[in-house]
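Worksheet for the structure shown next.
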Protein chains: 2
Amino acid sequence: MDSRIVNLRSKLDVYKGMTGGGNLADCPVREVIQGLNGKWSSLLMAALAEQPYRFGELRRLVPDISQRMLTQTLHDLQRDGYVHRKVFPTKPPSVEYSLTDLGRSMFGALHHLIQWAELNHDAVRQARAGFDATQA
Amino acid sequence: MDSRIVNLRSKLDVYKGMTGGGNLADCPVREVIQGLNGKWSSLLMAALAEQPYRFGELRRLVPDISQRMLTQTLHDLQRDGYVHRKVFPTKPPSVEYSLTDLGRSMFGALHHLIQWAELNHDAVRQARAGFDATQA
DNA sequence: TACATCGGTCTCAAAATGAGACCAGCACTA
DNA sequence: TAGTGCTGGTCTCATTTTGAGACCGATGTA
């Protein structure tokens with residue numbers, strides 16, 4: 001396999017995760033990205049990248065998440081192997097969530113996007129304002 | 001006092017986009033990330049990073065997107081300043097979508113995440129299979 | 001007794017999304 | 001001239017996802 005050909009794979013093909021002829025609907029890269037597309041996934045990843053947190057701590061840290069979505073998002077992140085869930089046999093039992101190695105690796109990539117947002121949110125906000133002005 | 005206060009800004013604070021005392025709910029970084037959390041945003045960004053496409057071309061390129069969501073996602077990406085919409089006065093009029101400079105800049109960061117997914121989707125798939133096995 | 005804490009689950013309403021019909025205007029064909 | 005197709009959408013309705021909040025059982029605490 002010529003490595004030059006790999007480099008010539010288009011960005012879209014990389015996203016599709018196919019070297020040719022595959023079905024765009026069943027795409028491993030899309031599946032992974034979809035798992036991070038949830039409204040709360042990246043925020044919780046950022047929190048847990050800082051340090052491990054317990055369920056109630058996360059709830060207080062992110063006041064506008066419902067308990068239902070916190071449970072569900074943590075469950076999904078655990079399922080995808082990003083988050084480890086550890087139950088302590090206290091009374092009542094407490095649960096600590098932390099990033100796995102895979103989670104830390106993934107957050108390394110996600111962090112680029114967060115940093116970009118930090119640097120450029122003014123430009124985005126300005127673009128929105130300008131666009132909304134023309135649509136009024 | 002906690003020693004991590006000495007840290008300049010935690011990852012979570014960066015995500016919050018606040019240097020202190022702000023409200024987590026109104027956060028510029030969160031707003032930007034939310035705009036990319038849509039189910040189709042990153043896929044369309046990857047397509048347009050490859051080359052400009054027309055509406056119908058994108059529709060054929062991504063067979064499982066509904067016309068409704070294609071219109072809406074492109075509209076949102078245009079509103080945030082990532083995508084430029086150009087109408088050609090042909091009959092019937094055709095519309096070309098392309099990335100702006102801001103869009104290309106943002107995709108540079110997003111690309112890290114896509115590349116990570118390309119390299120690690122096997123690990124994620126395996127984590128899912130293992131997790132589902134224990135839950136069965 | 002009364003009340004709070006732990007980490008959830010359950011129900012119901014609201015919002016986002018999917019599926020598909022429909023539209024106007026023009027070109028081409030029969 | 002009537003029919004058909006292409007363009008990029010919008011509109012309606014059903015399904016899915018999310019939000020808001022009540023409820024839970026076992027324990028500690030006032």
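Every value quoted in this text rests on a predicted model; they were computed, and no experiment measured them. Letters A, B, ... mirror the listed sequences (proteins, then strands); counts begin at 1.
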Should A/Glu96 and A/Arg85 count as an ion pair when the cut-off is N to O under 4.0 Å? no
What is the distance, rounded to the nearest whole Å, between atom CG of B/Asn37 and atom C1' of D/dT17? 14 Å
For A/Lys91 and C/dG7, what is the distance between atoms NZ and C1' respectively, to the nearest whole Å? 15 Å
About how many Å separate CD of A/Gln126 and CG of B/Asp80, when rounded to the nearest 0.5 Å? 13.0 Å
What's touching nucleotides 1-8 of chain D from the protein side, N or O pairs under 3.5 Å?
from: D/dG8; atom 1: OP1; to: B/Arg54; atom 2: NE; distance (Å): 3.4
from: D/dG8; atom 1: OP2; to: B/Gly56; atom 2: N; distance (Å): 3.1

CD of A/Gln34 versus P of D/dT16: gap in Å, rounded? 16 Å
Going by an N to O cut-off under 4.0 Å, is there a salt bridge joining B/Arg30 and A/Asp64? yes
Can you pull every protein N or O that's under 3.5 Å from an N or O on nucleotides 10-18 of chain C?
from: C/dG18; atom 1: OP1; to: B/Lys39; atom 2: NZ; distance (Å): 3.1
from: C/dG18; atom 1: OP2; to: B/Trp40; atom 2: NE1; distance (Å): 3.3

Checking side-chain contact (heavy atoms from CB on, under 4.5 Å) for the pair B/Leu44/B/Tyr97: CA distance, chi angles, key distance, verdict? CA-CA 10 Å; B/Leu44 292 180; B/Tyr97 292 92; over 6 Å; no
Would you please name every residue forming a side chain to side chain contact (heavy atoms under 4.5 Å, CB included) with A/Arg104, sequence neighbours left out? A/Leu99, A/Asp101
Is it true that B/His112 and B/Phe107 have ring centroids separated by less than 6.0 Å? no
Backbone of A/Leu70 reached by a side-chain donor or acceptor of A/Thr73 within 3.5 Å: no
Whole-Å distance separating the CZ atom of A/Phe88 from the C1' atom of C/dT5: 17 Å
For residues A/Gln78 and B/Phe131, determine if any side-chain heavy atom of one lies less than 4.5 Å from a side-chain heavy atom of the other. yes
C/dG8 P sits how many Å from A/Lys86 NZ, rounded? 16 Å
